[in-house]
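Bear in mind that the values here come from a model prediction, so they are computed numbers and not experimental data. All chains are named by letter (A, B, ...) in the order of the sequence lines, taking the proteins before the strands, and each is independently numbered beginning at 1.
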Amino acid sequence: MAVDADVLLDWFSAHGRDLPWREPGCSAWGVLVSEIMLQQTPVARVEPIWHEWMARWPVPSALAASSQGEVVRAWGKLGYPRRALRLHQAAGVIAAEHGDVVPSDVDTLLALPGIGAYTARAVAAFAYGRRAPVVDTNVRRVVARAVHGAGDAGPASNTRDMADVEALLPADDAPAARFSAAIMELGALICTARAPRCADCPVYDECAWQHAGRPEYAGPAKPVQKFAGTDRQVRGLLLDVLRGTEGPVEKAKLDLVWHDGGQRDRCLDSLLVDGLLEQTRDGLFALPGEH
DNA sequence: TAGACGTGGAG
DNA sequence: TCTCCAAGTCT
């Protein structure tokens, strides 16, 4: 059982979304920025911020020339703000060591901060039309169902997951790159986690999950990710105070966002360690580089 | 490799 | 209201 490339590519041509980073004229830098922003973050929230970034920082060196604080502020509420810091660092490396050109080679991309197995191959494929197994959560789910007949993907295994996708990939670069975008899109629009729209699926007839009678997911339970009351929430509240003000703020102002002083201070400290906050000479707190 | 790491919309 | 989940990476 497989996923017919021609059928999938035709479906993608007819139903794929016209996202700005998929425009033919979009730069490799634009693709890279989109990929980082889209990590664990819905398209709808990324689009407006991506446009702002492209207008303000059209090339890596432009971003690298801005302060970390400006970058964190411009990241807004996309979440996981360390991504903004790493992208800023990556831009610096690209500007300084790669002639302001986003690398096209997977291994070179992997060496950049914030770029892992998925993003490196996504940039190689979507920005440069290279043939590379692009494996994200959507692709893992589609493969689990259409190929393996399982209700959902089990725990990730980079080696195995990439081998699965490699086997589906067309031989030539251009169609392989387009196939990568198409299978991701299938997972995002049709073969969704919650309520898959199988009636609209282009590979319904060849789907192993259908042939198996749509069995329930049998793998190990996925860990539920708590948020309320975690350090993640408190860090978010703390950082949001700085995003919402111009200059440095007093600790007293930060003390207002969370009742538990111990947790508050621990989070404040971790933000300093991460470089998302800095302390001024007079003991105030500021976004990095903004004092 | 399990767990940390933000945020907000949908069901 | 509350759980699930959205193009992952790093340690």
Under 4.0 Å, counting only non-hydrogen atoms across every strand here, what does [X] touch: a base, just sugar-phosphate, or nothing?
| X | answer |
| --- | --- |
| Asp231(A) | sugar-phosphate |
| Arg194(A) | base |
| Pro81(A) | sugar-phosphate |
| Arg266(A) | nothing |
| Leu239(A) | nothing |
| Trp21(A) | base |
| Arg45(A) | base |
| Gly79(A) | base |
| Val224(A) | sugar-phosphate |
| Thr137(A) | sugar-phosphate |
| Leu19(A) | base |
| Ala122(A) | nothing |
| Ala117(A) | sugar-phosphate |

Discussion item. Quick check on dA6(C): is either OP1 or OP2 less than 4.0 Å from any side-chain nitrogen or oxygen of Gln40(A)?
Written reply: no
Proximity to the side chain of [X] - top-ranked nucleotide from [options]:
| X | options | answer |
| --- | --- | --- |
| Lys77(A) | dG8(C), dG8(B), dC5(B) | dG8(B) |
| Arg232(A) | dC5(B), dA6(C), dT7(B) | dC5(B) |
| Leu38(A) | dC5(B), dA7(C), dC4(C) | dA7(C) |
| Arg243(A) | dC5(B), dT7(B), dG8(C) | dT7(B) |

Discussion item. Just verifying a value: how many Å separate Arg197(A) CZ and Ile190(A) CD1, rounded to the nearest 0.5 Å?
Written reply: 4.5 Å
Fill in: Rounded distance in Å between the P positions of dG8(B) and dT9(C)
23 Å
Discussion item. Using atom P in both nucleotides, what's the gap between dG3(B) and dA7(C) to the nearest angstrom?
Written reply: 23 Å
Discussion item. Rounded to whole Å, please give me the gap between CD1 in Ile183(A) and P in dA7(C).
Written reply: 13 Å
Practice prompt. Write down the distance between CZ (Phe12(A)) and C1' (dA7(C)), rounded to a whole number of angstrom.
Written response: 12 Å
Worksheet, complete the sentence: Checking Leu287(A), Thr280(A), Asp282(A) against Pro248(A) for side-chain contact (heavy atoms from CB on, under 4.5 Å), the one that qualifies is Thr280(A)
Discussion item. With hydrogens left out and only the distance checked, is there a donor-acceptor pair under 3.5 Å joining Gln225(A)'s side chain and the base of dC5(B)?
Written reply: yes
Worksheet item: Taking the side chain from Thr230(A) and the backbone from Phe227(A), do they hold a donor-acceptor pair closer than 3.5 Å?
Response: yes
Discussion item. Go nucleotide by nucleotide along DNA chain B from the 5' end; which of Pro223(A) and Arg235(A) gets its closest nucleotide reached first?
Written reply: Pro223(A)
Worksheet item: Nearest heavy-atom pair of Arg214(A) and Cys198(A): which atoms, and what distance?
Response: NH1-SG, 3.0 Å
Discussion item. Taking the side chain as everything from C-beta on, heavy atoms only, tell me whether Glu278(A) gets closer than 4.5 Å to Phe285(A).
Written reply: no
Response to the item:
The residue, Thr41(A) or Thr119(A), whose nearest nucleotide of DNA chain C is more 5′ is Thr41(A)
Discussion item. So that I know where these two stand, are Trp29(A) and Trp57(A) an aromatic pair - ring centroids less than 6.0 Å apart?
Written reply: no
